[in-house]
Visitor: 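Take this structure, written in structure tokens, and hold onto it; I'll ask about it next.
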Amino acid sequence: GSEPRLGTPDEVLSRHLAETSAWFEKNIPDFECPDAWFTRLWYHRWFVVRRCLAEPSAGKLGGPCFYAGRTLEEHAQVSPFGHAMQLAEVRWLRDPAFARGHVRSLFDNQLQGRAGFFDGEFPVVRVHRTIDHWYAGWVASEPWELDLVHPDLAFLEALLPKMERGTQGILDWFDSD
């Protein structure tokens with residue numbers, strides 16, 4: 001059999017641009033500003049968000065999530081270090097599935113007991129493994145912040161035990177008295 005024809009480079013580029021534009025049109029919040037520079041900054045930031053979007057649906061990353069970057073292999077991971085900053089932006093996407101998937105990427109891999117530096121630690125997550133990382137951000141508060149934009153009481157209640165475990169783990173580890 002013959003290979004399917006992808007088309008000319010111009011056709012491939014045209015399809016890619018159309019698909020990317022459609023994703024932005026469907027997902028990012030509307031924005032109007034008289035300052036052209038600020039408008040350009042707005043859309044550039046959403047370009048970076050889209051660039052970091054991953055949908056591996058494999059191993060430890062079962063849904064959409066946002067990688068730390070795309071330029072180096074070690075950036076192909078969800079990190080608790082940048083998670084809060086990423087979620088602060090992606091929670092505004094029209095489809096909450098992206099932000100909820102990003103939250104699940106850490107919460108589904110939360111460490112328990114002595115598996116991490118502290119009980120409830122949120123590790124760095126790659127498709128096939130987690131990496132113990134003692135960054136003590138307030139990942140546990142992020143589902144609530146997402147709920148302020150896209151309310152879903154069932155989603156929030158399902159994560160509540162892990163939110164409590166993460167918060168208590170940080171308090172026990174860093175402020176045991």
Side-chain angles (χ1 to χ4, degrees), residues 9 12-110 121-131 133-156 158-159 162-163 166:
V12 171
L13 177 61
S14 180
R15 273 195 317 273
H16 170 74
L17 292 174
E19 290 168 6
T20 301
S21 293
W23 188 92
F24 286 116
E25 182 69 28
K26 179 182 175 184
N27 290 295
I28 69 170
D30 292 329
F31 179 76
E32 292 182 23
C33 178
D35 185 329
W37 180 89
F38 199 76
T39 300
R40 183 178 171 101
L41 177 65
W42 170 264
Y43 288 105
H44 174 75
R45 186 62 203 127
W46 286 111
F47 166 80
V48 173
V49 164
R50 176 66 180 92
R51 173 98 169 100
C52 292
L53 172 63
E55 299 186 69
S57 299
K60 296 189 175 292
L61 295 172
C65 59
F66 295 86
Y67 285 162
R70 290 285 190 162
T71 54
L72 300 171
E73 183 179 337
E74 67 238 27
H75 292 157
Q77 63 189 17
V78 177
S79 169
F81 181 73
H83 201 266
M85 292 170 278
Q86 290 169 317
L87 189 67
E89 293 188 27
V90 303
R91 67 183 173 159
W92 296 104
L93 290 170
R94 289 186 182 123
D95 184 350
F98 295 109
R100 288 188 185 127
H102 193 54
V103 167
R104 282 190 193 104
S105 67
L106 286 185
F107 278 76
D108 289 351
N109 292 286
Q110 185 182 40
E121 176 188 350
F122 293 99
V124 171
V125 183
R126 293 188 178 170
V127 170
H128 296 297
R129 68 183 177 127
T130 58
I131 302 166
H133 184 67
W134 64 270
Y135 175 73
W138 291 100
V139 172
S141 69
E142 294 170 18
W144 175 76
E145 293 168 2
L146 170 58
D147 194 70
L148 294 174
V149 179
H150 294 288
D152 183 340
L153 188 58
F155 179 76
L156 202 56
L159 294 177
K162 292 183 178 194
M163 293 166 69

Visitor: R45 versus E89: any side-chain heavy-atom pair under 4.5 Å?
Guide: yes
Visitor: For atom CZ of F81, is the number of surrounding heavy atoms from other residues, nucleotides or ligands below 6.0 Å larger than 12?
Guide: no
Visitor: How long is the gap from CZ on R100 to OG on S105, to the nearest 0.5 Å?
Guide: 14.5 Å
Visitor: Tell me, please, whether F24 has R50 positioned over its six-membered ring: NZ or CZ under 6.0 Å from the ring centre and within 45 degrees of its axis?
Guide: no
Visitor: Return the minimal non-hydrogen interatomic distance between L106 and P123, and the atom names on each side.
Guide: CD2-O, 3.1 Å
Visitor: Roughly how far, to the nearest 0.5 Å, is the CG atom of D152 from the CG atom of D147?
Guide: 7.0 Å
Visitor: Are any of the side-chain heavy atoms of K60 and D108 separated by less than 4.5 Å?
Guide: no
Visitor: Does R70 CZ have over 12 foreign heavy atoms under 6.0 Å away?
Guide: yes
Visitor: In Å and rounded to the nearest 0.5 Å, what is the CD to CD1 distance from E74 to I131?
Guide: 10.0 Å
Visitor: Are any of the side-chain heavy atoms of W92 and V149 separated by less than 4.5 Å?
Guide: yes
Visitor: Is any side-chain heavy atom of L13 less than 4.5 Å from a side-chain heavy atom of L17?
Guide: yes
Visitor: Please name all residues satisfying salt bridge (charged side-chain N to carboxylate O under 4.0 Å, His left out) with D95, sequence neighbours left out, ordered by chain then number.
Guide: none
Visitor: With sequence neighbours left out, write down each residue that passes side-chain hydrogen bond (donor to acceptor under 3.5 Å, both in side chains) with R126, or none if nothing qualifies.
Guide: Q77
Visitor: Go through the steps to decide whether D30 and R94 satisfy the test salt bridge (Lys or Arg N to Asp or Glu O under 4.0 Å), and finish with yes or no.
Guide: CA-CA 10 Å; D30 292 329; R94 289 186 182 123; 2.8 Å; yes
Visitor: Show the nearest heavy-atom pair for residues G63 and P56, with the distance to one decimal.
Guide: O-CD, 3.8 Å
Visitor: Between F98 and W23, how do the two ring planes meet: parallel, tilted or perpendicular, split at 30° and 60°?
Guide: perpendicular
Visitor: Would you indicate whether F38, at its atom CZ, is surrounded by more than 12 heavy atoms from other residues, nucleotides or ligands within a distance under 6.0 Å?
Guide: no
Visitor: Can you tell me how far apart CG (L146) and CG (L156) are? Round to the nearest 0.5 Å.
Guide: 8.5 Å
Visitor: How far apart are the closest heavy atoms of H102 and F66, and which atoms are they?
Guide: ND1-N, 3.0 Å
Visitor: Roughly how far, to the nearest 0.5 Å, is NZ of K162 from CZ of F122?
Guide: 8.0 Å
Visitor: With heavy-atom distances below 4.5 Å as the criterion, would you say the side chains of V124 and V78 are in contact?
Guide: no
Visitor: For the residue pair P96 and H150, what are the closest heavy atoms and their distance?
Guide: CB-CG, 3.5 Å
Visitor: Minimum heavy-atom separation for L87 and E142, please, with both atom names.
Guide: CD2-CB, 3.3 Å
Visitor: Can you tell me how far the CZ atom of R104 sits from the SG atom of C65, to the nearest 0.5 Å?
Guide: 12.5 Å
Visitor: What is the minimum heavy-atom distance between T39 and C33, and which atoms define it?
Guide: OG1-O, 3.3 Å
Visitor: Flag the pair Q110 / E121 as yes when at least one side-chain heavy-atom distance between them is below 4.5 Å, and no otherwise.
Guide: no
Visitor: For W46, check ring pair (Phe, Tyr, Trp, His ring centres under 6.0 Å) against everything at least two apart and list the hits.
Guide: W42
Visitor: Can you check whether Y67 reaches L61 side chain to side chain, under 4.5 Å on heavy atoms?
Guide: yes
